[in-house]
There are 2 protein chains.
Amino acid sequence: MHSNEVASTGWDRVGVAVAGLGSMGLGMAASLLRAGADVTGYDPDPNKREDFAALGGKVAVSSVEASRGATLVVSVVVDAGQTEALLFGDEGIATVMAEDGVFISCATMAPDRARRMAARLEATGRHYLDAPVSGGARRAADGSLTILASGTEQAFARAAPALDAMSATLHRLGEAPGEAAAFKMVNQLLAGVHIAAASEAIAFAAREGLDLHRVYEVITASAGNSWMFENRVPHILDGDYRPLSAVDIFVKDLGIVLDMGRASSFPAPLASAALQLFIMTSAAGMGRDDDSSVARLYARIAGLDLSL
Amino acid sequence: MHSNEVASTGWDRVGVAVAGLGSMGLGMAASLLRAGADVTGYDPDPNKREDFAALGGKVAVSSVEASRGATLVVSVVVDAGQTEALLFGDEGIATVMAEDGVFISCATMAPDRARRMAARLEATGRHYLDAPVSGGARRAADGSLTILASGTEQAFARAAPALDAMSATLHRLGEAPGEAAAFKMVNQLLAGVHIAAASEAIAFAAREGLDLHRVYEVITASAGNSWMFENRVPHILDGDYRPLSAVDIFVKDLGIVLDMGRASSFPAPLASAALQLFIMTSAAGMGRDDDSSVARLYARIAGLDLSL
């Protein structure tokens, strides 16, 4: 069985397709290449295909061509809609992958969407690994992402070399696709609220006339610290809003959190307040800038200069 | 000069009063005792005075008696109002302390209040050290608090042995009383929002049917982590709401943040949303319980069991 070959001989016999060569997908594809995989990349944007070709990767002119016969397909598209189109759209790849192939779905999405797509793919005999990632573009490029994953034993076994190549930390979160998606949404609720809180706090500190470098130093050593405060406030103090992760990602992700809450009758007033702040920031023209741009929104509203 | 004796001979010649022997003040007074100080404690509650006497401390029956001639007075009362009454009320201590004594004010308060009290005390020739603390009762007891402090060179020099005895980390934040208070309020904004966010997130995870121990493990290793998530969620999973720090502390402190914002025309929508959650939790009868009780509010509303 081909699947046993994968498990026993590992990596070099496995055909891997990477669909989506944006800042995350390009780095993940590069990590797979470095690990010795036979990788074919695809992105609708020819510039992104060229980026991957420049790294020595093979590229295809369609996702179907990239995925034909592939044992593993790593999907690094933006959301559930793009994932569904990739798998089951007019040019869907679900039935061109290897018959026992694994679809590794990395987009952040509502658990229900993941469950439904997994069921539909598994009905063809193929495997679905629910595998949202975190860590940003740099960690994608050096193969040190955190991957939250749920799926069957078989899906994990076949995907193992790719997961190893792309991640420093793999959390196995159960057998059912959708579980990992739900863990990711809990993380996104917190991450989004914390970015907005960091923005509110640093602007508040500026209004109070405090030395913002000292604020950073004190808060990161205090009970008010968060991973996001520590990571994002330097962008704000540098005035560098080039997008490592964009405002509109949190418009999407906090939107999913609140949709989930509405569907399950769960109130999430803090996530709701944070979502409104990301929407305001996007509405003010900063949707594609770094998510720490929420601080620029506060600064503009209150007439403050946060960059030092 | 007595003040030079303090600097040169240090500790054993210094009379120290501690006003307020609650969970924080008792531990701080004990840390001072352990360091060899001549400490007299006072609290209006006779049980708290007995607690300190049981640790070997001297107690006085009034704050005036405790503070008479004291070189250092450590004020560990609840808020600006109590601090003002302690210093300048009918039984105020401002003029009974040593003439060059230092008042070390540890309550969290608005910077303006600290500035006004400092000016009034300094007009008598005495010194005011704005010195809010953080770290909780355990770190108070073992002398490892974090102290944020601002004040004159003289105030710092004279207070040094006491600050050393009570803290593991001292942030010197400038010459002007009120600076340290402002840093503390930035921290409290973040801390309050993060406790409420941790509560919302863990209840959301429960609604999604996730294994909450696994959620704790995954989030504390992810970008959604905060100091408060890591510290408070174990209380929630243990169902242990004995107050290490009470809900009503954040009703007070986020109230100060929002008063400051209103006074300076600074909008703080996340702090506002978090404050409402603490008020709701207090209104539901949990004001004196641990601040992680916000999670119990979500659990009650949504019919969830968060303890494992």
Side-chain angles (χ1 to χ4, degrees), chain A residues 111 134-136 146 148 169 171 173-174 179 182-183 185-191 193-194 196-198 200-205 207-211 214-215 217-219 221-229 231 257 260-261 264-274 276-277 298 301-302, chain B residues 111 134-136 146 148 169 171 173-174 179 182-183 185-191 193-194 196-198 200-205 207-211 214-215 217-219 221-229 231 257 260-261 264-274 276-277 298 301-302:
Chain A
S134 71
T146 294
L148 309 181
T169 305
H171 294 286
L173 300 167
E179 289 280 299
F183 274 84
M185 296 322 306
V186 174
N187 185 72
Q188 294 308 88
L189 186 167
L190 288 161
V193 171
H194 294 169
E200 184 165 302
I202 203 75
F204 176 70
R207 173 62 100 211
E208 292 294 313
L210 302 182
D211 173 338
R214 202 85 170 91
V215 170
E217 183 182 72
V218 168
I219 293 296
S222 297
N225 196 29
S226 69
W227 193 98
M228 282 296 177
F229 186 95
N231 185 268
V257 167
M260 291 167 67
S264 69
S265 196
F266 180 83
L270 276 182
S272 179
Q276 293 304 315
L277 286 161
Y298 281 95
I301 289 171
Chain B
S134 71
T146 294
L148 310 180
T169 305
H171 294 285
L173 300 168
E179 289 281 297
F183 275 84
M185 295 323 306
V186 174
N187 185 73
Q188 294 307 88
L189 186 166
L190 288 160
V193 171
H194 294 170
E200 185 166 300
I202 203 74
F204 177 69
R207 172 63 99 211
E208 292 294 313
L210 302 183
D211 174 339
R214 201 84 169 93
V215 169
E217 184 182 74
V218 168
I219 293 295
S222 297
N225 195 29
S226 69
W227 193 98
M228 282 296 177
F229 186 94
N231 185 267
V257 167
M260 289 167 67
S264 68
S265 195
F266 181 83
L270 277 182
S272 180
Q276 293 303 316
L277 286 160
Y298 281 95
I301 289 170

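Labels below follow one simple rule: chain letters A, B, ... track the order of the sequence lines, proteins then strands, and each chain is numbered from 1.
Atoms NE2 and CD1, on A:His171 and B:Ile219 in that order, are 9.0 Å from each other to the nearest 0.5 Å. To the nearest 0.5 Å, atoms CZ (A:Arg214) and CZ (B:Phe183) are separated by 6.5 Å. To the nearest 0.5 Å, atoms OG (A:Ser222) and CG (B:Leu190) are separated by 10.0 Å.
Pairing each heavy atom of A:Ala273 with each of B:Leu270, the nearest pair is CB-CD2, 3.8 Å. Contact between B:Ala201 and A:Val186 at its shortest, heavy atoms only, is O-CG1, 3.9 Å. Nearest heavy-atom pair across B:Pro267 and A:Tyr298 is O-CE2, 3.5 Å.
With a 4.5 angstrom heavy-atom cutoff, B:Ile202 does not touch chain A via any of its atoms. Contact annotation for B:Ala302: only side-chain heavy atoms (C-beta onward) come within less than 4.5 Å of a heavy atom of chain A. Contacts between B:Pro111 and chain A at a heavy-atom distance below 4.5 Å involve the side chain alone, from C-beta outward. Proximity to chain A (any heavy atom under 4.5 Å) is restricted, for B:Arg207, to the side chain, taken from C-beta onward. Residue contact with chain A, scored on non-hydrogen atoms closer than 4.5 Å, involves the backbone and the side chain of B:Glu179 alike.
Of the residues considered (B:Ala191, B:Ala221, B:Ala223, B:Gly136), B:Ala223 shows the highest number of contacts with chain A, using heavy-atom pairs under 4.5 Å. Most heavy-atom pairs under 4.5 Å with chain A, from the set B:Ala182, B:Ser264, B:Gly174: that is B:Ser264. By number of non-hydrogen pairs under 4.5 angstrom with chain A, the leading residue of B:Ser134, B:Ser265, B:Ser272, B:Ala268 is B:Ala268. Comparing B:Leu210, B:Leu148, B:Leu173 by heavy-atom pairs within less than 4.5 Å of chain A, the highest count is held by B:Leu210.
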Item to check | side chain to side chain contact (heavy atoms under 4.5 Å, CB included) between A:Leu189 and B:Glu200, intermediate numbers included | outcome: CA-CA 9 Å; A:Leu189 186 167; B:Glu200 185 166 300; 4.1 Å; yes
Next on the checklist: Could you go through B:Val218 and A:Asn187, starting from their C-alpha distance and side-chain angles, then the distance that decides it, and tell me whether this counts as side chain to side chain contact (heavy atoms under 4.5 Å, CB included)?
Outcome noted: CA-CA 9 Å; B:Val218 168; A:Asn187 185 72; over 6 Å; no
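By the 4.5 Å heavy-atom criterion applied to side chains, A:Phe204 and B:Met260 are counted as neighbours. Residues A:His194 and B:Ser226 meet the side-chain proximity criterion, which asks for heavy atoms closer than 4.5 Å.
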